[in-house]
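Below is one structure; the comments refer to it alone.
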Amino acid sequence: MKPNAFSVSSLNALSLASLAWGLLTVYIVTVAPYIANIFDISLSAALTVSLLYFSPRLLVSIPTARLIRAFGYLVVHRLSTLLVAFFFGLFVFSIAIEQFWLLLCSTFFLGSAACACQVVGFPLISLTGDSTKSTQRQRYASAWNGLGNVIAPLLIGASIWIAPIVGSDSILISTVIAGGLITSYMVVLFIISCQTEFSIQRSDASYTSPQGNNNYRQLLTNGGFLLSLVMLLFGWGLESGMGTMVVAVFQDESIANRLLGYEVIATSLYWVFIFFGRLFISRFGKNWSAESVISLFSMMGIVITSLFLVLELPFIALLVTLLGLCHAGLYPNLYALSLNKSGPHLSQAGALITMCSIGNAIIPLSQSFLVEAIGLKFSFVLPLTLYTSIFFFINYSNLTKERPLIT
């Protein structure tokens with residue numbers, strides 16, 4: 001197989017995997033209120049599901065990098081994809097039989113397997129072709145991730161319409177239907193990845209194991225890389241947190257009666273803006289630097305969240321989905337920037353970068369505390385602060401101006 005054919009086929013397979021990560025993340029975050037209803041527990045107790053899904057990033061990332069060193073990218077990618085399919089199926093089954101303890105256990109192992117998928121997947125995206133086009137490939141794969149973000153709430157919304165036909169417990173049935181469809185996709189993804197992996201393994205063995213020394217010390221003393229990790233944690237958490245806040249705004253008592261049921265549409269629009277924004281950047285922003293894109297979209301976030309502090313909730317409800325446009329350019333370019341700062345240590349960098357996804361749990365939870373303390377409207381001071389921090393770091397920090405080790 002020719003090298004360019006290898007690059008295209010592997011990039012497409014990994015982009016389908018990126019779509020799966022988007023499906024899983026948004027599904028886990030979105031079903032928390034449904035889980036509270038199904039198991040008759042508080043919302044805070046249901047949010048332990050999200051925490052259990054993201055917390056393994058801190059425990060599994062570095063061991064996964066060591067497995068990659070021992071067995072190669074392809075073996076770990078194939079195995080972790082299979083485990084994701086199995087544990088997500090178990091997750092959906094535990095909801096169907098209403099066993100909360102099994103739900104918590106399956107969520108933790110699902111999060112661990114998904115973490116391993118991301119640790120191995122993102123460096124592979126950078127290794128599928130010319131190193132000078134690494135950022136463009138990351139943007140392309142991230143656009144597919146955004147598509148998964150869009151599909152997940154649409155699946156849940158469609159399942160809500162179908163559920164009454166199947167049975168009386170519409171919330172339980174709709175959650176299981178949507179989860180079952182995603183499980184089926186994960187099984188198909190495993191089959192596709194196996195076929196692609198074999199062709200990769202035979203075409204160029206240099207791509208079957210990570211390059212660089214197994215030395216985290218060089219990464220942890222790299223100021224530019226560490227600062228990029230901080231910005232990535234902010235960006236990752238803001239993307240998930242603002243998706244959660246879309247639902248919170250529409251469920252607020254002051255507007256819930258007028259806009260009841262619109263949260264599903266608004267949530268879908270939020271992720272639609274992310275998807276098409278990433279697709280646009282991937283298609284037309286090939287010559288844009290990661291720093292310029294991050295600067296532009298963080299400024300958009302500053303402007304929109306500043307308006308939230310002076311507008312009333314009905315107007316915030318109209319604008320909140322526009323935050324999806326901000327995140328179209330933040331996360332993919334922050335991820336690419338982090339990889340660029342990592343030098344040759346891609347597998348180790350992938351482990352540390354994946355740990356930053358804990359921001360998906362930390363930042364929404366932090367804003368929820370602010371909602372309880374100072375109200376929903378003024379809780380947007382947290383995302384405003386984080387957008388401002390990203391803008392400041394990318395424009396005025398000497399660490400981000402250091403020459404990247406990989407272009």
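Keep in mind that the numbers below use all heavy atoms, side chains included, and drop hydrogens, waters and symmetry copies. On a predicted model such as this, the values are computed, not experimentally measured, just so you know.
Between Ile363 and Gly237, the shortest heavy-atom contact is CD1-CA, 3.6 Å. Pairing each heavy atom of His327 with each of Glu239, the nearest pair is CE1-N, 3.4 Å. The shortest non-hydrogen separation linking Ile281 to Ala328 is CD1-O, 3.8 Å. Across every non-hydrogen atom of Val49 and Thr107, the tightest pair is O-CG2, 3.1 Å. Among all heavy-atom pairs drawn from Ile192 and Leu16, the shortest one is CD1-CD1, 4.1 Å. The nearest pair of heavy atoms linking Thr81 to Cys117 is N-SG, 3.6 Å.
The 12-atom threshold is not exceeded at CZ of Phe93, counting heavy atoms of other residues, nucleotides or ligands nearer than 6.0 Å. For Phe39, the CZ atom sits in a packed shell: over 12 heavy atoms of surrounding residues, nucleotides or ligands are nearer than 6.0 Å.
Ring-plane geometry between Phe234 and Phe393 is classed as parallel, the angle between the planes falling under 30 degrees on a 0 to 90 degree scale with a further cut at 60.
Listed for the Ser389 side chain is a donor-acceptor partner under 3.5 Å among the backbone atoms of Thr385. In terms of modelled atom types and a separation under 3.5 Å, the side chain of Ser228 and the main chain of Phe225 share a donor-acceptor contact.
Once rounded to the nearest 0.5 Å, the distance linking CG of Leu51 with CD1 of Ile28 reads 12.0 Å. Atom CD1 in Ile151 sits 13.0 Å away from atom CH2 in Trp271 (nearest 0.5 Å). Between the CD1 atom of Ile362 and the OG atom of Ser357 there is a distance of 9.5 Å, given to the nearest 0.5 Å.
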### Test log, rule side-chain contact (heavy atoms from CB on, under 4.5 Å), inputs Trp101 and Leu104
CA-CA 5 Å; Trp101 68 269; Leu104 296 180; 5.8 Å; no
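A ring-ring contact (aromatic ring centres under 6.0 Å, His included) with Phe109 is found for exactly one of Phe91, Phe88, Phe87, namely Phe87.
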